[in-house]
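Below is one structure, written out as structure tokens, with a few remarks after it.
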Amino acid sequence: MSAIKVKLSVMNFLEFAVWGAYLTSLGSYLYEIGLAQKIGIFYAIQGIVSIFMPALVGIVADRWIPAQKMLSLCHTIAGACMLGAGLYAMSATTVEFGPLFTLYSFSVAFFMPTIGLANSVAYSALNRARLDTVKHFPPIRVFGTVGFICAMLFSNFTGYQDSYGQLLTSGVLSFVLALYALTMPPCPVNKDASKSLSETLGLNAFKLFKDRQMAFFFIFSMLLGVSLQITNGFANPFIKSFKDMTLFADSFGANNANALISLSQMSETLCILLIPFFLKRFGIKVVMLMSMFAWVFRFGFFGLGNPGSGVWLFILSMIVYGIAFDFFNVSGSLYVDQKTDNSIRSSAQGLFMLMTNGIGATIGTLGAQAVIDHFVPSFQLNPGEMLTTAQSEALTSGWSTAWYIFAGYALVVAVLFMIIFKNPSKKVTPREIREDMADAPVSPDGLVEM
């Protein structure tokens, strides 16, 4: 592996380790401190800030501050706020929603743009090295998943998945990445004073909606984004709820939810490596459809399984997650990169984040909280007390109904996408090859004409 790919791999490892330290286990911590009814808003805030923060930060990275420096600045602020949230939770006798949520929200607001920034830094560095992004980026991105898994397992086996320790871990990792980002190759900025106000503000990225297929792509990205954070927010509390049932109280899965969920990220490592083949062989429509149907199975297997005799269904749910997440997130990011000009690259990635992790994920997490609050009963137990048989059946039935509703939604989106979205006439082409082609000009809207 070349030196630049090693550096980018380490960057991705740290980027997603910051997220993995708390993303799948925060719901369990909130449940432990009596904020179970607030799980939805804690995950929805990631979507709310993603509506505007990635786009705004992307504009700054495109115009004024190089992406690698902007990545460092964002992680410095995010790390400080996350450490603040962890220290507050550690020192408070009773953790209140207001202070914890405020500090957490500021941290997330500056973390969410870093996903797109890290992609921009990687794409820029690979293009400067004359390397095909479709071929070389997925293996680099694999290390992001490895970082996520390592952070998840660290939180699981240290017991941090149920405590504020996960927040402290994330904050420390953010500071490490803030320093490391400064060693990345410089990314270009465009300070052309002759540009219009819309170009200066990066609003040209929204002109991508003028292209019908790109408009459909972004709209369905938003609809699929609804599914993104549901299992991150509620899978851990769902699996741990079996601990209160006599039949499953001593099962490995119910007592090690984060370790079980980490199988999802392990599946990602393989699926990321499959992306270049599937994207070049079948095109973006087939890859997106595979992701959409994988979400149907992801939710459906949760509804059918349990951590005892049905644990194999949980494992299947974890396996299909790699296709559900990566075939959408990574392939979608690559597709946007390949379809847009360098002048709006960071802004376009910010727009993709806005539609998926912004609008889509916000609707998804708030909607999921409403569904779960309606169908899943809540029982107050004394220490050491177990649910009765009737209560266990009601709880299991409620969770199953919720997961089936989520699966049904994903199925409807998949069918509509199959009917409406037309497969591009050409497969994704390496950027550096396109840029050397005399017959591949860039349109005024920033689309690469193929």
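Note that the numbering runs from 1 along the sequence shown for the chain.
- Contact of the Phe293 side chain with the Arg298 side chain is not registered, since no non-hydrogen atoms from C-beta on lie closer than 4.5 Å.
- Taking every heavy atom of both residues into account, Ser155 and Ala21 meet most closely at OG-O, 2.9 Å.
- Side-chain contact between Val371 and Phe406 is present, with heavy atoms from C-beta onward closer than 4.5 Å.
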>> Could you go through Asn127 and Leu131, starting from their C-alpha distance and side-chain angles, then the distance that decides it, and tell me whether this counts as side chain to side chain contact (heavy atoms under 4.5 Å, CB included)?
In response: CA-CA 6 Å; Asn127 284 323; Leu131 295 173; over 6 Å; no

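- A donor-acceptor contact shorter than 3.5 Å links the side chain of Ser262 to the backbone of Ala259.
- In terms of modelled atom types and a separation under 3.5 Å, the side chain of Ser170 and the main chain of Val18 share a donor-acceptor contact.
- Side-chain polar atoms of Asn236 and Ser28 form a donor-acceptor pair below 3.5 angstrom.
- Considering only heavy atoms from C-beta on, Leu263 stays 4.5 Å or farther from Phe314 through its side chain.
- The shortest non-hydrogen separation linking Cys187 to Pro66 is O-CB, 3.6 Å.
- Aromatic pair Tyr160/Phe154: centroids less than 6.0 angstrom apart.
- Residues Asn306 and Val311 fail the side-chain proximity criterion, which asks for heavy atoms closer than 4.5 Å.
- Residue Ile261 holds its CD1 atom at 11.0 Å from CG of Leu153, rounded to the nearest 0.5 Å.
- Open room surrounds OH on Tyr31; 12 or fewer heavy atoms of other groups in view lie less than 6.0 Å from it.
- Tested against Lys240, the residues Asn258, Asn255, Asp162 include a single side-chain hydrogen bond (donor to acceptor under 3.5 Å, both in side chains) partner, Asp162.
- Between Phe209 and Phe218, the gap from one ring centroid to the other is short of 6.0 Å.
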> Under the side chain to side chain contact (heavy atoms under 4.5 Å, CB included) criterion, do Thr269 and Leu273 qualify, and how do the steps go?
Replying inline: CA-CA 7 Å; Thr269 61; Leu273 296 175; over 6 Å; no

>> Evaluate Val172 against Leu83 for side chain to side chain contact (heavy atoms under 4.5 Å, CB included), listing each step before the verdict.
In response: CA-CA 7 Å; Val172 170; Leu83 275 177; 4.2 Å; yes

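- Of the residues Ile39, Val376, Ile239, the one that meets the side-chain contact (heavy atoms from CB on, under 4.5 Å) test with Phe234 is Ile39.
- Of all the heavy atoms in Ala324 and Ser291, the pair that sits closest is O-OG, 2.6 Å.
- From Ile319, atom CD1 reaches atom CH2 of Trp312 across 11.0 Å, with rounding to the nearest 0.5 Å.
- Residues His136 and Lys5 share a closest heavy-atom pair of ND1-NZ, 3.3 Å.
- Aromatic rings from Phe327 and Phe278 are positioned such that their centres are separated by under 6.0 Å.
- Interatomic distance, Cys74 SG to Phe110 CZ, rounded to the nearest 0.5 Å: 6.5 Å.
- Other residues, nucleotides and ligands contribute more than 12 heavy atoms inside 6.0 Å of the CZ atom of Phe248.
- To the nearest 0.5 Å, atoms NE2 (His75) and OH (Tyr180) are separated by 13.0 Å.
- Put simply, CZ on Phe302 and CE on Met318 are 3.5 Å apart, with the number rounded to the nearest 0.5 Å.
- At a threshold of 4.5 Å between non-hydrogen side-chain atoms, the residues Ser400 and Phe375 do not count as touching.
- With Ser317 contributing its side chain and Leu313 its backbone, the two residues share no donor-acceptor pair below 3.5 Å.
- A heavy-atom distance below 4.5 Å is found between the side chains of Ile140 and Leu126.
- Annotation: side chain of Tyr123 is in contact with side chain of Ser333 (closest heavy-atom distance under 4.5 Å).
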>> Apply side chain to side chain donor-acceptor pair (under 3.5 Å) to residues Glu268 and Thr145 and explain how you reach the verdict.
In response: CA-CA 7 Å; Glu268 278 192 58; Thr145 303; 3.2 Å; yes

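- Looking at every heavy atom in both residues, Ile272 comes nearest to Pro138 through CG2-O, 2.8 Å.
- The aromatic rings of Trp19 and Phe148 lie perpendicular to each other, with more than 60° between the two planes, well past the 30° mark.
- For the atom pair CD1 (Ile323) and CD1 (Ile275), the distance works out to 10.5 Å, reported to the nearest 0.5 Å.
- Heavy-atom neighbours of Phe238 CZ from other residues, nucleotides or ligands within 6.0 Å: above the threshold of 12.
- Within the 4.5 Å cutoff, the side chain of Phe216 has no heavy atoms near those of the Phe417 side chain.
- Counting only N and O atoms by type, the side chains of Gln229 and Asn232 include a donor and acceptor under 3.5 Å apart.
- Although no hydrogens or angles enter the test, the distance criterion places no donor-acceptor pair under 3.5 Å between the side chain of Tyr22 and the main chain of Gln161.
- Remark: Phe106 CZ is loosely packed, at most 12 non-hydrogen atoms of other residues, nucleotides or ligands lying under 6.0 Å away.
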> Can Phe157 and Asn256 be said to form a side chain to side chain contact (heavy atoms under 4.5 Å, CB included), step by step?
Replying inline: CA-CA 8 Å; Phe157 293 115; Asn256 293 275; 4.1 Å; yes

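- Checked against Tyr335 for a ring-ring contact (aromatic ring centres under 6.0 Å, His included), the options Phe217, Phe421, Phe220, Phe352 give a single hit: Phe217.
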